[in-house]
Structure formats: C-alpha cells, structure tokens
Amino acid sequence: MWKSRWGGKPVGPLTGTSVKPSGIGRRWLGSLLLIVALGVLPACGSKKAVSVSEVKHRGKLVAGVKFDSKPFGFLDTDGQLKGYDIDLMRELSRRLLDKEKGVEFQQVLSSTRVIAINSGSVDAVAATMTITPERAKVVDFSIPYLTAHQAVVVPSDSPARHLKDLDGKTILFVLGTTSEGNIKKRLPGAKYTGFKSSTDAFSALKARRGDAMTTDDTIISGFLSDNCGFRVLDEKLSDEPYGLAFRKGGAETPDDLRVQVNQSLQAMEKDGTLARLKAKWVDGMLKGKPCKP
Ligand code: GLU
C-alpha cells in the first residue's frame, strides 16, 4: 500500500497505469488543507511552466487527476484508473508526445490541485477543475473542454424539492471547490460541513450526517450510478467550465505545453474526439439509471 502524493488516502496497488508512489503525512495534509481551503495557493516562483520539448526529453507527461471522481478519474473494480480525464490525458499525450501511455498519473484532490501544480510535482492537472478568474491568478488554464453544472443531491425521502427548502439545514461540500462559495451565497442560512474529497462528502450524506450534498452534476451522477436512494434537485447553481491547469509563466511560444494542449483541444473539438469522450463517460451517467424500487 502507498499514499499518493496529493491524495492522502492509501490506494493501490495499481496495474496497467503509471502512478508514482510517495509519502505524505495525514497531519501534514491536514494543515495543508487549511491553507488551501479555497483551493488556491500562490505559485512557488522557482518552478517554471514546462515545454513540450522538456516533456519529450523526460519521456513522460505527469498529470494530476482524481482517483475517486467517477466518471472523470476513478479506480474501477478491476483496479484500473479510468475515466474522461484519464482518456483525455492519454489522447493529449498521443498527440503531443506520439505515445499514448506516456502519462504518469498522480492523485490530486480538489483541495490539493493548485499546490500539486505549483510545487512542480505535476505538469498539468486534469481533475474536474473549473476555470475561474480567482484561480487564474495562481495557475494558467487551457481552453474549456467540458461544462458541468453545480447541483444538489438529497436522499430520496428528503422533503426538500427546491434549494430554498434547504435553508437552515446541513449541507455537505468539498473543500477547495467552487461549490462551497456558490452554495453559501445562495443559502446563507444553512449549516455547512466541508470534506476533503467528494467520496468523503457523499459517504457522510449516506450516513445521514447532513441533509444534502453539493458538487458538480457530473460528479454526483458518478455516485448515483453506484448508489440508489438519492435524487438530484432540478435547480442548478452554476456553469462549471472545466479546464486543464498549468503552472503560470509559460513561454507562450509554439513549444509551450499549454499552447500545444490548447491546439490539440481545438483539434479534438473539431474532429469529434471531445464529443466522443463525453458520450463515452458523461452523457449516459447524467441521464441516470433506474434504481429498483
Ligand atoms: N468543478 C468544481 C471545482 O473546480 C467543483 C468540483 C470539483 O471538486 O472539482 O471546484
């Protein structure tokens, strides 16, 4: 067993995918979470954005992805890391480095995405990360590759039908997400409990430690694909355009990683690759599957 650098929880062993083991103490991570509760941390300064030539020379692209966010990055029952963001990084690697398997995946959480980039431990993050002006002060984003929407999930037997029904109730959220700010603006009278991952927040909802949980509809759909007894409120709180994140200070030359990723994303939009990835991982899940009564 080992702990992933920015994930905290022991995972693995994994097969068929390159994941770098390393150690980080839970206590250390706890303090870190306080610092990055908003999901932002200033860039370290000494670490530079990476170029495609550097990545080619090194022989692999290091990507920070979620390991617990179906359908974007998740450990499947066969122990393999799968999902939209995993396929996206493999496709980018194929286009930029001419080899699909040239990606090393490291686990990040919503609350550790920015520090994983700015510490230099990953070249890019592909982890359901919404492009926001606040985050754009500390990382550089690619063009958007998919748009999710913030939603709220409640147990099926909840009396709540609308957002306003949750005022005064306890709402569970994930630290370092846009979801926290959005929901607190909409429901200032609610009580809130933050968790370091969406899996922890959803587990707490299952254990009835809150009345509702909020995150992106795409991520909720992943939980509901494995769990009956929940429903999603119709109201959506926001658009959440996902982007890949990079260290600031890229050269913006034709060799810059972000520049080439943007070119590839544009090509993937045109040639239907992004639509195929969305159809493969996201569309079916968002429709939901019927649960037995
Ligand atoms: N996409 C939102 C964000 O970037 C919420 C879900 C997540 O944790 O990624 O904050």
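We count ligands from 1, going down the list as the structure has it; atoms in each ligand are counted the same way. Throughout, residue positions are numbered sequentially from 1 according to the sequence presented.
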| request: Measure Ile219 to ligand 1 on non-hydrogen atoms and call it side chain, backbone, both or neither using the 4.0 Å cut-off. | output: side chain
| field | Numbered atoms and elements of ligand 1 in range of Thr215, under 4.0 angstrom, heavy atoms | value | 6 (C)
| query | Quick one: are Asp216 and His149 in side-chain contact, heavy atoms under 4.5 Å? | reply | no
| message | With heavy-atom distances below 4.0 Å as the criterion, list the atoms of ligand 1 near Thr178. | response | 2 (C), 3 (C), 5 (C), 10 (O)
| task | Report yes or no: do Thr178 and Gln150 form a side-chain donor-acceptor pair below 3.5 Å? | result | no
| task | Say whether, by atom type as modelled, one donor and one acceptor occur between the side chain of Asn118 and the main chain of Ile115 under 3.5 angstrom. | result | no
| field | Distance-only polar pair, side chains of Glu91 and Thr273, donor-acceptor under 3.5 Å | value | no
| task | Pull out every atom of ligand 1 sitting under 4.0 Å from any heavy atom of Ser179, numbered as shown with elements. | result | 5 (C)
| Which atoms of ligand 1 are found less than 4.0 Å from any heavy atom of Met129? | 4 (O)
| message | At less than 4.0 angstrom from any non-hydrogen atom of Thr128, what atoms of ligand 1 do you find? | response | 1 (N), 2 (C), 3 (C), 4 (O), 7 (C), 9 (O)
| task | Would you confirm whether the ring centroid of Phe202 sits within less than 6.0 angstrom of the ring centroid of Phe195? | result | no
| query | Parallel, tilted or perpendicular: which describes the rings of Phe72 and Tyr84, with under 30° parallel and over 60° perpendicular? | reply | tilted
| query | What part of Arg135, side chain, backbone, both or neither, has a heavy atom within less than 4.0 angstrom of ligand 1? | reply | side chain
| Looking at Tyr242, which atoms of ligand 1 are within less than 4.0 Å of one of its heavy atoms? | 1 (N)
| field | Aromatic plane relationship, Phe74 with Trp281 - under 30° parallel, 30 to 60° tilted, over 60° perpendicular | value | perpendicular
| Taking atom types as modelled, is there a side-chain donor on Thr147 or Asp239 under 3.5 Å from an acceptor on the other? | no
| Atoms of ligand 1 less than 4.0 Å from Ser110 heavy atoms? | 7 (C), 8 (O), 9 (O)
| Thr177: numbered ligand 1 atoms lying under 4.0 Å from its heavy atoms | 5 (C), 7 (C), 8 (O), 10 (O)
| note | If you scan protein heavy atoms around atom 6 (C) of ligand 1, the nearest is Asp216 OD2, 3.3 Å
| ligand 1-proximal atoms of Lys66, by part, heavy-atom distance under 4.0 Å | side chain
